[in-house]
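Letters A, B, ... are given to chains in the order of the sequence lines, protein chains preceding strands, and every chain is numbered from 1.
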There are 2 protein chains.
Amino acid sequence: MAGEKTFQLGPVKVRVHTSGDPGPAKERLSQDRIVDVALAQMTERGYEAVSMRSIAKELGTGPASLYAHVANKDELDQLLVDRVAREFPMPEPDPSRWDEQLKQALLDMLTVYRAHPGVARASLGMIPTSPGALRNAEGVLALCRAGGVPDQLAAWSCDMFALYIGAVAIEEDVWRTRAATASESGEPYGEDAVVAAVHDHFAALPVDEFPLLRSLAAVMTTGDGDDRVGFAVEIMVEGLKAMSARADR
Amino acid sequence: MAGEKTFQLGPVKVRVHTSGDPGPAKERLSQDRIVDVALAQMTERGYEAVSMRSIAKELGTGPASLYAHVANKDELDQLLVDRVAREFPMPEPDPSRWDEQLKQALLDMLTVYRAHPGVARASLGMIPTSPGALRNAEGVLALCRAGGVPDQLAAWSCDMFALYIGAVAIEEDVWRTRAATASESGEPYGEDAVVAAVHDHFAALPVDEFPLLRSLAAVMTTGDGDDRVGFAVEIMVEGLKAMSARADR
DNA sequence: TTCGATCGTAGAACAGTGTTCGTAACCGGC
DNA sequence: GCCGGTTACGAACACTGTTCTACGATCGAA
(Lines give C-alpha, C1' and ligand atoms only; values in the text may rest on other atoms or scores of the structure.)
Protein backbone atom coordinates (compact mmCIF):
# COMPACT_ATOMS: atom_id res chain seq x y z
CA MET A 1 0.00 0.00 0.00
CA ALA A 2 2.87 2.31 -0.65
CA GLY A 3 4.77 3.71 -3.59
CA GLU A 4 2.59 2.89 -6.53
CA LYS A 5 -0.73 1.26 -7.19
CA THR A 6 -2.71 0.50 -10.34
CA PHE A 7 -6.45 0.05 -10.69
CA GLN A 8 -8.28 -1.66 -13.50
CA LEU A 9 -11.68 -0.09 -14.14
CA GLY A 10 -13.26 -1.80 -17.11
CA PRO A 11 -10.96 -1.13 -20.07
CA VAL A 12 -9.25 1.77 -18.35
CA LYS A 13 -6.06 1.21 -16.41
CA VAL A 14 -5.23 3.80 -13.85
CA ARG A 15 -1.84 4.05 -12.21
CA VAL A 16 -1.77 5.96 -8.98
CA HIS A 17 1.25 7.01 -6.97
CA THR A 18 0.23 6.94 -3.36
CA SER A 19 2.95 8.98 -1.79
CA GLY A 20 4.41 6.47 0.66
CA ASP A 21 2.17 6.99 3.63
CA PRO A 22 2.22 3.79 5.67
CA GLY A 23 5.93 3.17 5.82
CA PRO A 24 8.94 3.20 3.50
CA ALA A 25 8.85 1.73 0.02
CA LYS A 26 8.35 -1.96 0.75
CA GLU A 27 10.76 -4.50 -0.55
CA ARG A 28 9.63 -7.87 -1.72
CA LEU A 29 9.03 -10.51 0.87
CA SER A 30 11.46 -13.37 1.21
CA GLN A 31 11.95 -16.32 3.48
CA ASP A 32 14.97 -14.63 5.02
CA ARG A 33 13.10 -11.44 5.86
CA ILE A 34 10.29 -13.46 7.42
CA VAL A 35 12.72 -15.47 9.52
CA ASP A 36 14.50 -12.24 10.49
CA VAL A 37 11.48 -10.54 12.00
CA ALA A 38 10.18 -13.79 13.51
CA LEU A 39 13.48 -14.30 15.28
CA ALA A 40 13.58 -10.69 16.44
CA GLN A 41 10.05 -10.87 17.83
CA MET A 42 10.69 -14.17 19.55
CA THR A 43 13.92 -12.92 21.06
CA GLU A 44 12.31 -9.94 22.70
CA ARG A 45 8.75 -11.05 23.38
CA GLY A 46 8.93 -14.83 23.73
CA TYR A 47 7.65 -17.82 21.82
CA GLU A 48 3.92 -17.41 22.22
CA ALA A 49 3.99 -13.75 21.23
CA VAL A 50 5.04 -14.39 17.66
CA SER A 51 2.30 -15.42 15.28
CA MET A 52 1.80 -15.35 11.55
CA ARG A 53 -0.22 -12.18 12.06
CA SER A 54 2.38 -10.41 14.18
CA ILE A 55 5.09 -11.21 11.66
CA ALA A 56 2.94 -10.07 8.75
CA LYS A 57 1.98 -6.91 10.56
CA GLU A 58 5.59 -5.93 11.15
CA LEU A 59 6.23 -6.65 7.49
CA GLY A 60 3.31 -4.39 6.59
CA THR A 61 1.12 -7.07 5.05
CA GLY A 62 -1.40 -9.77 5.90
CA PRO A 63 -0.75 -13.28 7.14
CA ALA A 64 -1.68 -14.90 3.84
CA SER A 65 1.33 -13.30 2.17
CA LEU A 66 3.73 -15.35 4.24
CA TYR A 67 2.49 -18.63 2.85
CA ALA A 68 4.16 -17.97 -0.49
CA HIS A 69 7.54 -18.35 1.20
CA VAL A 70 6.78 -20.66 4.11
CA ALA A 71 4.61 -23.74 3.99
CA ASN A 72 3.66 -23.90 7.64
CA LYS A 73 4.23 -22.44 11.01
CA ASP A 74 5.98 -25.73 11.64
CA GLU A 75 8.35 -25.04 8.78
CA LEU A 76 8.92 -21.52 10.03
CA ASP A 77 9.81 -22.89 13.45
CA GLN A 78 12.28 -25.27 11.84
CA LEU A 79 13.83 -22.38 9.91
CA LEU A 80 14.19 -20.48 13.16
CA VAL A 81 15.99 -23.23 15.06
CA ASP A 82 18.14 -23.86 12.01
CA ARG A 83 19.09 -20.20 11.86
CA VAL A 84 19.99 -20.26 15.54
CA ALA A 85 21.86 -23.55 15.27
CA ARG A 86 24.20 -21.93 12.77
CA GLU A 87 25.41 -19.65 15.53
CA PHE A 88 26.70 -22.54 17.63
CA PRO A 89 30.45 -22.06 17.93
CA MET A 90 32.29 -25.19 16.90
CA PRO A 91 35.95 -25.40 17.91
CA GLU A 92 38.81 -26.85 15.88
CA PRO A 93 39.35 -30.25 17.49
CA ASP A 94 42.46 -30.61 19.59
CA PRO A 95 43.09 -34.28 20.55
CA SER A 96 44.85 -33.26 23.75
CA ARG A 97 41.80 -31.55 25.22
CA TRP A 98 38.90 -32.75 23.10
CA ASP A 99 36.80 -33.55 26.16
CA GLU A 100 37.02 -30.03 27.55
CA GLN A 101 36.27 -28.70 24.09
CA LEU A 102 33.20 -30.89 23.85
CA LYS A 103 31.90 -29.78 27.23
CA GLN A 104 32.46 -26.15 26.33
CA ALA A 105 30.75 -26.60 22.96
CA LEU A 106 27.66 -27.97 24.67
CA LEU A 107 27.56 -25.10 27.14
CA ASP A 108 27.99 -22.69 24.24
CA MET A 109 24.99 -24.23 22.50
CA LEU A 110 22.90 -23.51 25.55
CA THR A 111 24.21 -19.96 25.67
CA VAL A 112 23.09 -19.40 22.10
CA TYR A 113 19.66 -20.82 22.86
CA ARG A 114 19.42 -18.50 25.83
CA ALA A 115 20.16 -15.53 23.60
CA HIS A 116 17.07 -16.42 21.57
CA PRO A 117 14.43 -17.41 24.11
CA GLY A 118 11.63 -19.50 22.73
CA VAL A 119 13.45 -20.81 19.71
CA ALA A 120 14.48 -23.91 21.62
CA ARG A 121 10.82 -24.90 21.87
CA ALA A 122 11.09 -26.10 18.28
CA SER A 123 14.44 -27.82 18.76
CA LEU A 124 12.88 -31.12 19.77
CA GLY A 125 12.01 -32.89 16.56
CA MET A 126 14.45 -30.80 14.56
CA ILE A 127 14.94 -31.90 11.00
CA PRO A 128 18.34 -33.66 11.06
CA THR A 129 19.14 -32.68 7.49
CA SER A 130 18.86 -28.91 7.96
CA PRO A 131 22.14 -27.00 7.50
CA GLY A 132 22.36 -25.98 11.14
CA ALA A 133 21.82 -29.52 12.37
CA LEU A 134 24.41 -30.80 9.91
CA ARG A 135 27.00 -28.28 11.06
CA ASN A 136 26.27 -29.17 14.65
CA ALA A 137 26.54 -32.92 14.10
CA GLU A 138 29.70 -32.60 12.06
CA GLY A 139 31.33 -30.55 14.80
CA VAL A 140 30.43 -33.00 17.56
CA LEU A 141 31.57 -35.92 15.45
CA ALA A 142 34.90 -34.21 14.83
CA LEU A 143 35.46 -33.72 18.55
CA CYS A 144 34.58 -37.35 19.26
CA ARG A 145 36.96 -38.47 16.53
CA ALA A 146 39.71 -36.41 18.06
CA GLY A 147 39.05 -38.24 21.32
CA GLY A 148 39.16 -41.66 19.73
CA VAL A 149 35.50 -42.34 20.44
CA PRO A 150 34.22 -45.30 18.40
CA ASP A 151 32.03 -44.28 15.49
CA GLN A 152 28.78 -45.76 16.73
CA LEU A 153 29.16 -44.14 20.13
CA ALA A 154 29.99 -40.81 18.54
CA ALA A 155 26.97 -41.02 16.25
CA TRP A 156 24.53 -41.74 19.06
CA SER A 157 26.15 -39.10 21.24
CA CYS A 158 25.22 -36.36 18.77
CA ASP A 159 21.60 -37.25 19.33
CA MET A 160 21.88 -37.38 23.09
CA PHE A 161 23.68 -34.07 23.42
CA ALA A 162 21.32 -32.18 21.14
CA LEU A 163 18.30 -33.63 22.91
CA TYR A 164 19.53 -32.76 26.38
CA ILE A 165 20.68 -29.23 25.62
CA GLY A 166 17.45 -28.51 23.80
CA ALA A 167 15.45 -29.86 26.73
CA VAL A 168 17.29 -27.63 29.19
CA ALA A 169 16.72 -24.58 27.01
CA ILE A 170 13.03 -25.39 26.70
CA GLU A 171 12.59 -25.92 30.40
CA GLU A 172 14.30 -22.65 31.20
CA ASP A 173 12.05 -20.87 28.74
CA VAL A 174 8.92 -22.45 30.19
CA TRP A 175 9.82 -21.21 33.65
CA ARG A 176 10.75 -17.85 32.23
CA THR A 177 7.37 -17.32 30.62
CA ARG A 178 5.63 -18.68 33.70
CA ALA A 179 7.44 -16.14 35.83
CA ALA A 180 6.47 -13.42 33.38
CA THR A 181 2.76 -14.23 33.40
CA ALA A 182 2.81 -14.72 37.17
CA SER A 183 4.48 -11.41 37.81
CA GLU A 184 2.08 -9.44 35.65
CA SER A 185 -0.89 -10.78 37.54
CA GLY A 186 0.23 -10.79 41.16
CA GLU A 187 3.34 -10.63 43.25
CA PRO A 188 6.78 -11.18 41.71
CA TYR A 189 7.70 -14.78 41.16
CA GLY A 190 11.47 -14.67 40.84
CA GLU A 191 13.71 -17.69 40.59
CA ASP A 192 14.98 -17.34 44.14
CA ALA A 193 11.47 -17.29 45.55
CA VAL A 194 10.50 -20.40 43.58
CA VAL A 195 13.61 -22.28 44.67
CA ALA A 196 13.02 -21.32 48.28
CA ALA A 197 9.41 -22.47 48.08
CA VAL A 198 10.46 -25.80 46.59
CA HIS A 199 13.05 -26.25 49.31
CA ASP A 200 10.50 -25.61 52.02
CA HIS A 201 8.04 -27.98 50.37
CA PHE A 202 10.65 -30.74 50.27
CA ALA A 203 11.68 -30.13 53.86
CA ALA A 204 8.07 -30.39 55.01
CA LEU A 205 7.37 -33.71 53.30
CA PRO A 206 6.18 -36.68 55.38
CA VAL A 207 9.18 -38.65 56.62
CA ASP A 208 7.69 -42.06 56.07
CA GLU A 209 6.87 -41.48 52.40
CA PHE A 210 9.66 -39.21 51.17
CA PRO A 211 12.57 -39.61 53.58
CA LEU A 212 15.30 -38.89 51.05
CA LEU A 213 13.69 -35.86 49.44
CA ARG A 214 13.04 -34.48 52.87
CA SER A 215 16.56 -34.92 54.16
CA LEU A 216 18.15 -33.89 50.85
CA ALA A 217 16.03 -30.78 50.40
CA ALA A 218 19.12 -28.62 50.63
CA VAL A 219 21.19 -30.34 47.95
CA MET A 220 18.13 -30.79 45.73
CA THR A 221 17.73 -27.04 45.56
CA THR A 222 21.40 -26.16 45.42
CA GLY A 223 22.90 -24.53 42.37
CA ASP A 224 21.56 -22.52 39.48
CA GLY A 225 20.98 -23.60 35.91
CA ASP A 226 24.63 -23.39 34.99
CA ASP A 227 25.64 -25.67 37.83
CA ARG A 228 23.10 -28.29 36.89
CA VAL A 229 23.95 -28.22 33.19
CA GLY A 230 27.66 -28.20 33.92
CA PHE A 231 27.20 -31.29 36.01
CA ALA A 232 25.13 -33.09 33.40
CA VAL A 233 27.59 -32.27 30.64
CA GLU A 234 30.38 -33.56 32.83
CA ILE A 235 28.47 -36.79 33.45
CA MET A 236 27.76 -37.35 29.80
CA VAL A 237 31.26 -36.69 28.55
CA GLU A 238 32.81 -38.75 31.33
CA GLY A 239 30.39 -41.55 30.53
CA LEU A 240 31.32 -41.32 26.89
CA LYS A 241 35.00 -41.59 27.76
CA ALA A 242 34.37 -44.55 30.04
CA MET A 243 32.41 -46.42 27.40
CA SER A 244 34.98 -45.62 24.74
CA ALA A 245 37.72 -47.09 26.90
CA ARG A 246 35.59 -50.16 27.55
CA ALA A 247 34.97 -50.63 23.84
CA ASP A 248 38.69 -50.40 23.10
CA ARG A 249 39.56 -52.96 25.70
CA MET B 1 -29.78 -31.90 29.79
CA ALA B 2 -30.82 -35.29 31.07
CA GLY B 3 -32.85 -36.75 33.85
CA GLU B 4 -34.70 -33.79 35.20
CA LYS B 5 -35.12 -30.14 34.38
CA THR B 6 -37.06 -27.30 35.95
CA PHE B 7 -38.44 -24.21 34.26
CA GLN B 8 -39.46 -21.01 35.94
CA LEU B 9 -42.31 -19.29 34.11
CA GLY B 10 -43.27 -16.21 36.06
CA PRO B 11 -44.45 -17.44 39.46
CA VAL B 12 -45.01 -20.96 38.21
CA LYS B 13 -42.28 -23.55 38.62
CA VAL B 14 -42.47 -26.50 36.31
CA ARG B 15 -40.44 -29.62 36.86
CA VAL B 16 -40.03 -31.80 33.82
CA HIS B 17 -38.54 -35.27 33.60
CA THR B 18 -36.80 -35.48 30.27
CA SER B 19 -36.40 -39.22 29.97
CA GLY B 20 -32.63 -39.52 29.63
CA ASP B 21 -32.20 -38.94 25.94
CA PRO B 22 -28.72 -37.50 25.44
CA GLY B 23 -26.79 -39.87 27.62
CA PRO B 24 -26.99 -41.37 31.09
CA ALA B 25 -27.82 -39.30 34.12
CA LYS B 26 -24.81 -36.98 34.40
CA GLU B 27 -22.69 -37.02 37.47
CA ARG B 28 -21.11 -33.91 38.83
CA LEU B 29 -17.92 -32.74 37.28
CA SER B 30 -14.66 -33.18 39.12
CA GLN B 31 -11.01 -32.63 38.47
CA ASP B 32 -10.48 -36.36 38.29
CA ARG B 33 -13.16 -36.90 35.69
CA ILE B 34 -11.74 -34.07 33.58
CA VAL B 35 -8.24 -35.49 33.77
CA ASP B 36 -9.63 -38.92 32.94
CA VAL B 37 -11.20 -37.96 29.65
CA ALA B 38 -8.34 -35.60 28.76
CA LEU B 39 -5.89 -38.44 29.22
CA ALA B 40 -8.05 -40.83 27.24
CA GLN B 41 -8.42 -38.40 24.35
CA MET B 42 -4.72 -37.60 24.32
CA THR B 43 -3.79 -41.25 24.40
CA GLU B 44 -5.81 -42.11 21.36
CA ARG B 45 -5.82 -38.92 19.30
CA GLY B 46 -2.64 -37.10 20.26
CA TYR B 47 -1.75 -33.90 22.04
CA GLU B 48 -3.16 -31.33 19.65
CA ALA B 49 -6.51 -33.10 19.37
CA VAL B 50 -7.50 -32.49 22.97
CA SER B 51 -8.91 -29.09 23.77
CA MET B 52 -11.08 -27.63 26.47
CA ARG B 53 -13.98 -27.95 24.05
CA SER B 54 -13.35 -31.57 23.15
CA ILE B 55 -13.09 -32.49 26.82
CA ALA B 56 -16.24 -30.57 27.69
CA LYS B 57 -18.10 -32.10 24.77
CA GLU B 58 -17.29 -35.64 25.87
CA LEU B 59 -18.42 -34.65 29.36
CA GLY B 60 -21.67 -33.36 27.88
CA THR B 61 -21.14 -29.73 28.79
CA GLY B 62 -19.50 -26.51 27.64
CA PRO B 63 -15.88 -25.46 28.06
CA ALA B 64 -16.68 -22.86 30.70
CA SER B 65 -17.73 -25.58 33.13
CA LEU B 66 -14.21 -26.96 33.30
CA TYR B 67 -12.81 -23.78 34.76
CA ALA B 68 -14.50 -24.43 38.09
CA HIS B 69 -12.15 -27.39 38.61
CA VAL B 70 -9.08 -26.40 36.61
CA ALA B 71 -7.49 -22.98 36.52
CA ASN B 72 -5.80 -23.25 33.14
CA LYS B 73 -4.99 -25.50 30.30
CA ASP B 74 -1.47 -25.23 31.69
CA GLU B 75 -2.67 -26.61 35.00
CA LEU B 76 -4.57 -29.36 33.24
CA ASP B 77 -1.40 -30.32 31.37
CA GLN B 78 0.46 -30.48 34.65
CA LEU B 79 -2.24 -32.67 36.12
CA LEU B 80 -1.92 -34.97 33.14
CA VAL B 81 1.84 -35.45 33.38
CA ASP B 82 1.50 -35.87 37.12
CA ARG B 83 -1.09 -38.55 36.63
CA VAL B 84 1.17 -40.33 34.17
CA ALA B 85 4.25 -39.92 36.35
CA ARG B 86 2.51 -41.90 39.06
CA GLU B 87 2.58 -44.92 36.78
CA PHE B 88 6.38 -44.97 36.63
CA PRO B 89 7.46 -48.26 38.19
CA MET B 90 10.04 -47.68 40.90
CA PRO B 91 12.00 -50.75 42.05
CA GLU B 92 13.07 -51.57 45.55
CA PRO B 93 16.77 -50.61 45.57
CA ASP B 94 19.23 -53.50 45.60
CA PRO B 95 22.79 -52.28 46.24
CA SER B 96 24.26 -55.17 44.28
CA ARG B 97 22.61 -54.15 41.02
CA TRP B 98 21.45 -50.59 41.58
CA ASP B 99 22.92 -49.43 38.27
CA GLU B 100 20.96 -51.93 36.23
CA GLN B 101 17.87 -51.05 38.22
CA LEU B 102 18.40 -47.38 37.47
CA LYS B 103 18.82 -47.98 33.77
CA GLN B 104 15.71 -50.12 33.73
CA ALA B 105 13.72 -47.54 35.66
CA LEU B 106 14.61 -44.87 33.09
CA LEU B 107 13.60 -47.10 30.21
CA ASP B 108 10.37 -47.88 32.05
CA MET B 109 9.64 -44.18 32.37
CA LEU B 110 9.92 -43.86 28.61
CA THR B 111 7.66 -46.86 28.14
CA VAL B 112 4.98 -45.20 30.25
CA TYR B 113 5.28 -41.97 28.29
CA ARG B 114 4.94 -43.96 25.08
CA ALA B 115 1.73 -45.48 26.37
CA HIS B 116 0.28 -41.97 26.67
CA PRO B 117 1.47 -40.13 23.56
CA GLY B 118 1.40 -36.39 23.87
CA VAL B 119 1.50 -36.18 27.62
CA ALA B 120 5.26 -35.86 27.55
CA ARG B 121 4.91 -32.53 25.75
CA ALA B 122 4.07 -31.01 29.12
CA SER B 123 6.80 -32.83 31.00
CA LEU B 124 9.38 -30.12 30.38
CA GLY B 125 8.82 -27.50 33.02
CA MET B 126 6.98 -29.94 35.25
CA ILE B 127 6.16 -28.66 38.70
CA PRO B 128 8.75 -30.39 40.93
CA THR B 129 6.43 -30.50 43.91
CA SER B 130 3.63 -32.47 42.26
CA PRO B 131 3.05 -35.92 43.75
CA GLY B 132 4.21 -37.76 40.64
CA ALA B 133 7.41 -35.77 40.42
CA LEU B 134 8.06 -36.36 44.12
CA ARG B 135 7.58 -40.10 43.77
CA ASN B 136 9.89 -40.15 40.79
CA ALA B 137 12.62 -38.13 42.48
CA GLU B 138 12.43 -40.17 45.66
CA GLY B 139 12.81 -43.38 43.68
CA VAL B 140 15.83 -42.17 41.74
CA LEU B 141 17.41 -40.83 44.90
CA ALA B 142 16.93 -44.18 46.60
CA LEU B 143 18.67 -46.00 43.75
CA CYS B 144 21.56 -43.55 43.83
CA ARG B 145 21.85 -43.97 47.57
CA ALA B 146 22.01 -47.72 47.14
CA GLY B 147 24.89 -47.17 44.74
CA GLY B 148 26.78 -44.92 47.09
CA VAL B 149 26.40 -41.90 44.85
CA PRO B 150 27.22 -38.67 46.72
CA ASP B 151 24.16 -36.62 47.61
CA GLN B 152 24.82 -33.66 45.38
CA LEU B 153 25.43 -35.88 42.35
CA ALA B 154 22.30 -37.85 43.08
CA ALA B 155 20.23 -34.69 43.41
CA TRP B 156 21.38 -33.24 40.11
CA SER B 157 21.02 -36.60 38.42
CA CYS B 158 17.28 -36.62 39.10
CA ASP B 159 17.00 -33.49 37.05
CA MET B 160 19.15 -34.75 34.21
CA PHE B 161 17.35 -38.07 33.88
CA ALA B 162 13.88 -36.56 33.93
CA LEU B 163 14.86 -33.95 31.39
CA TYR B 164 16.41 -36.41 28.99
CA ILE B 165 13.66 -39.01 29.14
CA GLY B 166 11.03 -36.33 28.70
CA ALA B 167 12.90 -34.92 25.72
CA VAL B 168 13.08 -38.31 24.04
CA ALA B 169 9.37 -38.87 24.58
CA ILE B 170 8.55 -35.45 23.16
CA GLU B 171 10.72 -35.94 20.12
CA GLU B 172 9.18 -39.29 19.39
CA ASP B 173 5.72 -37.77 19.67
CA VAL B 174 6.63 -34.90 17.35
CA TRP B 175 7.75 -37.31 14.68
CA ARG B 176 4.70 -39.46 15.30
CA THR B 177 2.29 -36.62 14.68
CA ARG B 178 4.33 -35.44 11.71
CA ALA B 179 4.07 -38.88 10.19
CA ALA B 180 0.34 -38.87 10.85
CA THR B 181 -0.32 -35.54 9.14
CA ALA B 182 2.03 -36.43 6.30
CA SER B 183 0.34 -39.74 5.65
CA GLU B 184 -3.15 -38.27 5.58
CA SER B 185 -2.15 -35.79 2.88
CA GLY B 186 0.09 -37.79 0.59
CA GLU B 187 2.11 -40.98 0.50
CA PRO B 188 2.94 -42.85 3.68
CA TYR B 189 5.83 -41.42 5.64
CA GLY B 190 6.90 -44.31 7.82
CA GLU B 191 9.94 -44.34 10.06
CA ASP B 192 11.94 -46.60 7.79
CA ALA B 193 11.40 -44.30 4.82
CA VAL B 194 12.48 -41.26 6.80
CA VAL B 195 15.59 -42.99 8.11
CA ALA B 196 16.51 -44.14 4.61
CA ALA B 197 16.05 -40.63 3.26
CA VAL B 198 18.25 -39.18 5.98
CA HIS B 199 20.91 -41.78 5.26
CA ASP B 200 20.93 -40.93 1.58
CA HIS B 201 21.06 -37.24 2.36
CA PHE B 202 24.09 -37.74 4.60
CA ALA B 203 25.83 -39.94 2.07
CA ALA B 204 25.36 -37.31 -0.64
CA LEU B 205 26.84 -34.45 1.39
CA PRO B 206 29.82 -32.50 -0.01
CA VAL B 207 33.06 -34.15 1.11
CA ASP B 208 34.92 -30.94 1.85
CA GLU B 209 32.28 -29.54 4.19
CA PHE B 210 30.83 -32.61 5.91
CA PRO B 211 33.42 -35.38 5.59
CA LEU B 212 32.49 -37.16 8.81
CA LEU B 213 28.74 -37.06 8.38
CA ARG B 214 29.19 -38.33 4.86
CA SER B 215 31.40 -41.23 5.79
CA LEU B 216 29.46 -42.05 8.94
CA ALA B 217 26.05 -41.96 7.28
CA ALA B 218 25.56 -45.63 8.06
CA VAL B 219 26.25 -45.50 11.79
CA MET B 220 24.39 -42.20 12.12
CA THR B 221 21.22 -43.88 10.91
CA THR B 222 21.73 -47.19 12.68
CA GLY B 223 19.41 -48.32 15.43
CA ASP B 224 15.88 -47.50 16.45
CA GLY B 225 14.67 -45.40 19.33
CA ASP B 226 15.31 -48.10 21.90
CA ASP B 227 18.91 -48.51 20.82
CA ARG B 228 19.59 -44.80 21.06
CA VAL B 229 17.92 -44.40 24.42
CA GLY B 230 19.55 -47.52 25.75
CA PHE B 231 22.90 -46.11 24.77
CA ALA B 232 22.23 -42.71 26.33
CA VAL B 233 21.03 -44.26 29.57
CA GLU B 234 24.16 -46.41 29.65
CA ILE B 235 26.33 -43.34 29.12
CA MET B 236 24.64 -41.38 31.85
CA VAL B 237 24.70 -44.10 34.47
CA GLU B 238 28.29 -45.03 33.66
CA GLY B 239 29.21 -41.37 33.87
CA LEU B 240 27.47 -41.13 37.20
CA LYS B 241 29.42 -44.13 38.49
CA ALA B 242 32.69 -42.70 37.23
CA MET B 243 32.11 -39.36 38.89
CA SER B 244 31.00 -41.01 42.12
CA ALA B 245 34.22 -43.00 42.22
CA ARG B 246 36.22 -39.85 41.53
CA ALA B 247 34.46 -38.00 44.35
CA ASP B 248 35.19 -40.82 46.78
CA ARG B 249 38.85 -40.83 45.93
C1' DT C 1 -40.69 -26.89 55.34
C1' DT C 2 -39.09 -22.85 53.62
C1' DC C 3 -35.76 -19.45 52.88
C1' DG C 4 -31.29 -17.75 51.25
C1' DA C 5 -26.48 -17.73 50.16
C1' DT C 6 -23.22 -20.24 47.82
C1' DC C 7 -21.25 -23.12 44.48
C1' DG C 8 -21.34 -25.59 40.10
C1' DT C 9 -23.24 -25.33 35.52
C1' DA C 10 -23.45 -23.54 30.92
C1' DG C 11 -24.62 -20.43 26.85
C1' DA C 12 -22.72 -16.70 24.57
C1' DA C 13 -19.19 -13.98 23.36
C1' DC C 14 -14.24 -12.06 22.94
C1' DA C 15 -9.82 -11.92 21.18
C1' DG C 16 -6.85 -14.57 19.38
C1' DT C 17 -4.78 -18.53 16.35
C1' DG C 18 -3.19 -21.17 11.69
C1' DT C 19 -4.70 -21.74 7.26
C1' DT C 20 -7.21 -21.46 2.59
C1' DC C 21 -9.59 -19.18 -1.24
C1' DG C 22 -9.99 -16.09 -4.82
C1' DT C 23 -8.44 -12.35 -7.04
C1' DA C 24 -5.38 -8.77 -8.10
C1' DA C 25 -0.77 -7.21 -9.13
C1' DC C 26 3.83 -8.03 -10.51
C1' DC C 27 7.85 -9.92 -13.11
C1' DG C 28 10.84 -12.42 -16.46
C1' DG C 29 11.02 -14.46 -20.92
C1' DC C 30 9.27 -15.06 -25.65
C1' DG D 1 4.38 -6.10 -27.12
C1' DC D 2 2.06 -9.89 -24.61
C1' DC D 3 1.56 -13.80 -21.28
C1' DG D 4 2.11 -17.30 -17.67
C1' DG D 5 3.64 -18.38 -13.35
C1' DT D 6 4.84 -16.38 -9.12
C1' DT D 7 3.83 -13.16 -5.40
C1' DA D 8 0.63 -10.23 -2.72
C1' DC D 9 -3.22 -9.77 0.21
C1' DG D 10 -8.19 -8.93 1.93
C1' DA D 11 -11.67 -11.85 3.49
C1' DA D 12 -13.23 -15.67 5.54
C1' DC D 13 -13.23 -20.43 8.00
C1' DA D 14 -12.73 -23.32 11.70
C1' DC D 15 -10.57 -23.45 15.46
C1' DT D 16 -8.30 -22.17 20.19
C1' DG D 17 -8.26 -20.61 25.56
C1' DT D 18 -10.69 -17.74 28.44
C1' DT D 19 -14.21 -14.62 30.69
C1' DC D 20 -18.80 -12.73 31.61
C1' DT D 21 -23.13 -13.49 32.99
C1' DA D 22 -27.23 -15.48 34.48
C1' DC D 23 -29.54 -19.54 35.85
C1' DG D 24 -30.05 -23.94 38.55
C1' DA D 25 -29.12 -26.99 42.14
C1' DT D 26 -27.59 -27.85 46.68
C1' DC D 27 -27.20 -27.54 51.57
C1' DG D 28 -27.38 -25.47 56.17
C1' DA D 29 -30.18 -22.62 59.21
C1' DA D 30 -34.38 -20.78 60.82
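Contact check of residues 35-55 of chain A against DNA chain D (heavy atom, cut-off under 4.0 Å) returns A/Arg53. The stretch residues 62-70 of chain A touches DNA chain C through A/Pro63, A/Ala64, A/Tyr67, each having a heavy atom within less than 4.0 Å of the strand.
Listed for the A/Arg178 side chain is a donor-acceptor partner under 3.5 Å among the backbone atoms of B/Gly125. Listed for the A/Ser54 side chain is no donor-acceptor partner under 3.5 Å among the backbone atoms of A/Val50. Panel note: side chain A/Asp200, backbone A/Ala197; no donor-acceptor pair is recorded below 3.5 Å. At distances below 3.5 Å, not a single donor-acceptor pair connects side-chain atoms of B/Ser123 with backbone N or O atoms of B/Val119. Between the A/Glu75 side chain and the A/Val70 main chain, no donor and acceptor come within less than 3.5 Å of each other. At least one donor-acceptor pair under 3.5 Å links the side chain of B/Asp227 to the backbone N or O of B/Asp224.
In this structure, B/Lys57 places its NZ atom 14 Å from P of D/dA14, rounding to the nearest Å. In this structure, the CD atom of B/Gln31 is 17 Å from the P atom of C/dC7, given to the nearest Å. When the C1' atom of C/dT19 is taken as reference, atom CD1 of A/Ile34 falls 14 Å away, rounded to whole Å. Taking atom CD on A/Glu75 and atom C1' on C/dT19, their separation rounds to 14 Å, with Å as the unit. Here the C1' atom of nucleotide D/dT18 and the CG atom of B/Leu76 are 14 Å apart, to the nearest Å.
In this structure, A/Asn72 does not reach the C/dG18 phosphate: none of its side-chain N or O atoms is under 4.0 Å from OP1 or OP2. An OP1 or OP2 oxygen of D/dC9 is reached within less than 4.0 angstrom by a side-chain nitrogen or oxygen of A/Thr61.
Within the structure, salt bridge (charged side-chain N to carboxylate O under 4.0 Å, His left out) contacts touching residues 46-59 of chain A (residues at least two apart or in different chains) do not occur.
Summarising the local packing, CD of A/Glu191 is surrounded by 12 or fewer heavy atoms from other residues, nucleotides or ligands at distances under 6.0 Å.
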